[in-house]
Protein chains: 2
Amino acid sequence: MDFEALKEYLETHDNYLILTHKSPDGDTLGAGFGLCGYLRDAGKKANVLNSESFPLRYKFLYEGYYVQEFEPQSVIAVDIADTQLLGSHLAAFAEEGAIDVCIDHHISNKFYAKRSYVDGNASATCLILYQFFKYIGYEMSNQVAKCLYTGISTDTGCFKYENTTPQAHLAAAELMGYDIEFASINRKMFDVKSKGRLIAEKKAIEEMEYFFDDRCAIIVLTTEMMNSCGVEQAEFEGMASIPLSTEGVEIGITIKQRHADVFKLSVRTTEEIDASAFCKRFNGGGHIRAAGCEIQGTLEQVKAKVLNEVREVLGCSDGK
Amino acid sequence: MDFEALKEYLETHDNYLILTHKSPDGDTLGAGFGLCGYLRDAGKKANVLNSESFPLRYKFLYEGYYVQEFEPQSVIAVDIADTQLLGSHLAAFAEEGAIDVCIDHHISNKFYAKRSYVDGNASATCLILYQFFKYIGYEMSNQVAKCLYTGISTDTGCFKYENTTPQAHLAAAELMGYDIEFASINRKMFDVKSKGRLIAEKKAIEEMEYFFDDRCAIIVLTTEMMNSCGVEQAEFEGMASIPLSTEGVEIGITIKQRHADVFKLSVRTTEEIDASAFCKRFNGGGHIRAAGCEIQGTLEQVKAKVLNEVREVLGCSDGK
């Protein structure tokens, strides 16, 4: 669907459920609460759903938000490339084929919804929403502007990564004109760490292992290690960038334990390697420099599988 | 002077020496080599000077640069608020009153040059140059665009800090249209760390001390500690932001040993505290959220002095 079709759809429906993805980040929550803010401003009813509860570190995105009572008529997924990302509590929406609209910027989007607006070139789903709001002439509230800025900023690593576009900068230039305290948002999102988080990072760096002439760095975060730090699971999110931060590393992998024998991989790469293609080897996906997947097995098995694929991707023939 | 006067000045002079500040950062080097690139494109002769040699981590800013032979006629200082920042090898220019033009964005600029273009609201000296180049209609080379982007990006913490303006975003939106590989620049400037640096950071976090109910965090970097990490001094630059990264900290201070009894303070603050005013207590200066100064004495003396002032600034009356 195009913006005109999306506009028409939103005008002719009501009572929206907005789905955000599990392990929610700034873009899915920014898009969720941003869209919800618009719909409510337009006199509609809308709620934002997540499989888990909304993390406290994003509290500023849902301040003033309250759950409305209504009989749902329309379901919209934001920033969700694949129904697997709905999480256990929202999975039923996919199983029943009940997702009416998907708004997303992942090139790997599976087109599971009845109608989709997918722009794989957009830096963030929040940037798509920003452009849509411009298109329909919606005058944003400060709260909605704050949601959109946060999604664009967090998904681009604060305008740092390759997925940053001139459009992302132009949107930021306008959005920071609202009363959003963008520097305070960025500080919360990128700089502020709990003491536990600092300790966790320190530990992670300590335990980082290098492979293949230091071209690959891997950090393993076991449940035990994470629990011992006394930190919310959500705090471990930004860690994915650490392994790639060492000079010379081309592929950085964070292996996070989800359950006893289930590990989640976050893969970050430099120009040489396609992270999305790498994760596809394990039925995952994402962006070209940042992607993810889940692998089952013991930690030893998972590491062996991963190193095997890394060896191939780096073109190392021998046991090195 | 205004842009018209600066334009006239540059048109009617030749054989430029461009001075950059000691412990050079992305903005002073970006402005230096950016201005030099423009002057050479305009058929003039120009060299960029620094008290020390140019750090290797900024090599991409001076690739293709070579020293020209000429009899100097004009001296221009870029991004230098105070002649103290010239460094020992360039100090003579100030002593002889030989600095003709200063282009700077520090509100604390001392107006030591014969003519100054100072815009305290500009995010970076490179942003001033960008606007000047637009004003005179100069069509930048990719290399000059790379220099300007780098200065704007590094001085705003990649568009993260309060000093980021809509103008900074608009400039970035245009500059990234040149062949500058902005993501690779940002990766080099913000993400890539040598193994030694990672070890140094780990150590710094380990040794971080908290004071006044965790409202103040201090990291001390002694020459001994820095040497033991096997890392270039320039690598310790970005560390100033670490102490402020702990939740609840309002003033973060990095104390770096310069000589046996000389310590350099880098001060970072949240909304509550004026870092520039704090550093003025020690005859330093800078920006409202990021400032610096030098203090003489043993480490113990320096720490005692600093904590005394912090106590006052935080309004703590007792020994707490």
Side-chain angles (χ1 to χ4, degrees), chain A residues 57 152-153 156-177 181-206 208 210 214 217 235 241-249 252 268 270-271 289, chain B residues 57 152-153 156-177 181-206 208 210 214 217 235 241-249 252 268 270-271 289:
Chain A
R57 70 184 294 257
I152 297 169
S153 172
T156 58
C158 211
F159 312 95
K160 192 163 62 181
Y161 300 135
E162 224 176 351
N163 69 337
T164 311
T165 55
Q167 288 73 32
H169 276 296
L170 296 176
E174 189 181 321
L175 290 168
M176 68 193 287
E181 295 184 47
F182 72 94
S184 157
I185 293 173
N186 290 331
R187 193 173 127 73
K188 274 194 202 105
M189 294 294 97
F190 298 106
D191 291 343
V192 174
K193 297 163 184 177
S194 68
K195 280 185 178 179
R197 162 74 182 217
L198 280 168
I199 291 162
E201 277 189 11
K202 188 168 68 69
K203 208 166 178 183
I205 293 171
E206 237 166 58
M208 186 148 61
Y210 297 94
D214 297 356
E235 293 270 34
S241 63
I242 296 178
L244 197 68
S245 69
T246 315
E247 231 169 347
V249 169
R268 299 290 182 272
T270 57
E271 294 83 48
R289 299 284 165 258
Chain B
R57 72 185 294 258
I152 297 169
S153 171
T156 57
C158 211
F159 311 95
K160 191 162 61 179
Y161 300 136
E162 223 176 352
N163 69 337
T164 311
T165 56
Q167 288 74 33
H169 276 296
L170 296 176
E174 188 180 319
L175 290 168
M176 69 193 287
E181 295 183 48
F182 73 94
S184 156
I185 294 174
N186 289 332
R187 194 173 126 74
K188 273 193 201 106
M189 295 293 98
F190 298 105
D191 290 343
V192 173
K193 297 165 184 178
S194 67
K195 279 187 179 179
R197 163 73 183 218
L198 279 168
I199 292 162
E201 277 189 11
K202 188 169 67 72
K203 207 167 180 183
I205 293 171
E206 234 165 61
M208 186 148 59
Y210 298 94
D214 298 353
E235 293 271 34
S241 63
I242 296 178
L244 198 67
S245 69
T246 316
E247 230 170 347
V249 170
R268 300 290 182 273
T270 56
E271 295 83 46
R289 300 284 165 257

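Keep in mind that the numbers below use all heavy atoms, side chains included, and drop hydrogens, waters and symmetry copies. Chain letters run A, B, ... following the sequence lines, proteins first, then strands; residues in each count from 1.
Of the two parts of A/L244, the backbone and the side chain both hold a non-hydrogen atom closer than 4.5 Å to a non-hydrogen atom of chain B. In this structure, no portion of A/S153 lies under 4.5 Å from any heavy atom of chain B. Contacts of B/D214 with chain A are made by side-chain atoms alone, with heavy-atom separations under 4.5 Å and no backbone atom involved. Heavy atoms of A/M208 lying under 4.5 Å from chain B belong exclusively to its side chain. The contact between B/T246 and chain A is made by backbone and side chain atoms together, counting heavy-atom distances below 4.5 Å.
Ranked by heavy-atom pairs under 4.5 Å with chain A, the list B/K160, B/K202, B/M176 is led by B/K160. Most heavy-atom pairs under 4.5 Å with chain B: of the set A/L175, A/L198, A/I242, this distinction falls to A/L198. In terms of heavy-atom pairs under 4.5 Å with chain B, the best-connected choice from A/G157, A/A183, A/P166 is A/P166.
Around atom CD of B/Q167, more than 12 heavy atoms belonging to other residues, nucleotides or ligands sit under 6.0 Å away. Around CD of B/E174, the count of heavy atoms belonging to other residues, nucleotides or ligands within 6.0 Å exceeds 12.
Rounding to the nearest 0.5 Å places CZ of A/R187 at 10.0 Å from OG of B/S241. A distance of 10.0 Å separates CG of B/N186 from OG1 of A/T156, quoted to the nearest 0.5 Å. Atom OG1 of residue A/T164 and atom CZ of residue B/F159 lie 9.0 Å apart, to the nearest 0.5 angstrom. With rounding to the nearest 0.5 angstrom, the SG atom of A/C158 is 9.0 Å from the OH atom of B/Y161.
Smallest separation of non-hydrogen atoms from B/L170 and A/A173: CD2-CB, 3.8 Å.
Relative orientation of the A/H169 and B/H169 rings is tilted, given thresholds of 30° and 60° on the angle between their planes.
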